[in-house]
Amino acid sequence: HGAGAGKVRVTPDQAASVDILLVANGTVPGRIVDKTGKPVSGMRVALIPDQPPGQLQIALHEPPPSSGPDGRFQVQGPPGTRTLVLLGHTPTAKRGVSVAAGNTVDVGDVTLDDPPK
């Protein structure tokens with residue numbers, strides 16, 4: 001998967017075209033665990049643009065992937081510095097995840113801030 005955008009100005013009686021450079025997404029796998037180290041399944045995971053501490057604005061256009069029975073998850077996103085968010089009762093944010101085009105960055109175990117209710 002990837003993303004790209006472009007603009008083209010169209011004038012009457014002229015052919016119009018635009019070249020769009022596609023940028024490959026990066027992949028971020030990991031595992032969600034609670035404070036005791038037990039895997040957490042069914043937890044939604046999102047990768048959003050990095051934001052300043054104390055701010056967390058999330059806009060989702062489709063349901064994000066969930067962690068499996070073993071707590072494992074895999075999300076994809078465009079290159080850049082991203083924040084990984086576990087969408088629990090209280091969201092858990094892991095900031096500063098460096099996503100590179102076409103590469104995989106394993107974040108390992110991510111501990112939930114509070115136990116699931």
Side-chain angles (χ1 to χ4, degrees):
H1 293 320
K7 285 185 179 178
V8 64
R9 179 169 294 187
V10 180
T11 54
D13 304 325
Q14 276 193 308
S17 68
V18 61
D19 291 326
I20 297 177
L21 177 64
L22 290 179
V23 178
N25 283 343
T27 303
V28 179
R31 187 173 75 125
I32 302 171
V33 295
D34 63 18
K35 284 185 169 36
T36 66
K38 186 174 154 231
V40 178
S41 65
M43 179 70 57
R44 297 256 182 219
V45 184
L47 200 58
I48 61 172
D50 226 8
Q51 298 168 14
Q55 293 182 12
L56 197 61
Q57 188 172 13
I58 304 169
L60 301 173
H61 304 291
E62 58 191 35
S66 302
S67 57
D70 57 357
R72 298 212 163 275
F73 65 86
Q74 181 171 296
V75 289
Q76 291 192 333
T81 303
R82 305 278 163 210
T83 296
L84 182 73
V85 182
L86 311 181
L87 301 168
H89 181 66
T90 301
T92 299
K94 180 177 176 62
R95 300 177 193 280
V97 177
S98 273
V99 178
N103 283 359
T104 298
V105 180
D106 194 326
V107 294
D109 286 359
V110 181
T111 305
L112 275 179
D113 281 347
D114 72 357
K117 302 284 181 263

Which one of [options] satisfies the side-chain contact (heavy atoms from CB on, under 4.5 Å) criterion with [X]?
X   : options         : result
T92 : V45, T111, L112 : L112
L47 : N25, V28, T27   : V28
L84 : V110, V99, V105 : V110

### Task
Please list all pairs passing the salt bridge (charged side-chain N to carboxylate O under 4.0 Å, His left out) test where one or both residues lie in residues 56-69, with sequence neighbours left out.
none
### Task
Please collect all salt bridge (charged side-chain N to carboxylate O under 4.0 Å, His left out) contacts where either partner lies in residues 76-96, sequence neighbours excluded, each pair once.
none
### Query
Considering residues at least two apart in sequence or located in another chain, which fulfil the salt bridge (Lys or Arg N to Asp or Glu O under 4.0 Å) criterion with R31?
D109
### With sequence neighbours excluded, residues passing salt bridge (Lys or Arg N to Asp or Glu O under 4.0 Å) with D50
none
#### Entry: Side chains of L87 and I58 in contact at under 4.5 Å (non-hydrogen atoms)
yes
### Query
Is there a side-chain contact between Q74 and P65 (heavy atoms, below 4.5 Å)?
no
#### Entry: Where P39 and P69 come nearest, the two heavy atoms and their spacing
CB-O, 4.4 Å
## Note on the structure
Value for CG (D113) from NZ (K35), rounded to nearest 0.5 Å, stands at 5.5 Å
### Residue pairs, two or more places apart or on separate chains, that pass side chain to side chain donor-acceptor pair (under 3.5 Å) and touch residues 97-107
none
### Query
Under a single-linkage definition using a 4.5 Å side-chain heavy-atom cutoff for Ile, Leu, Val, Met, Phe, Trp and Tyr, are V107 and V33 assigned to the same hydrophobic cluster?
no
### Message
Please check: side-chain N/O of T83 versus main-chain N/O of A93, any donor-acceptor pairing under 3.5 Å?
### Response
no
### Task
Please name all residues satisfying side chain to side chain donor-acceptor pair (under 3.5 Å) with S41, sequence neighbours left out, ordered by chain then number.
none
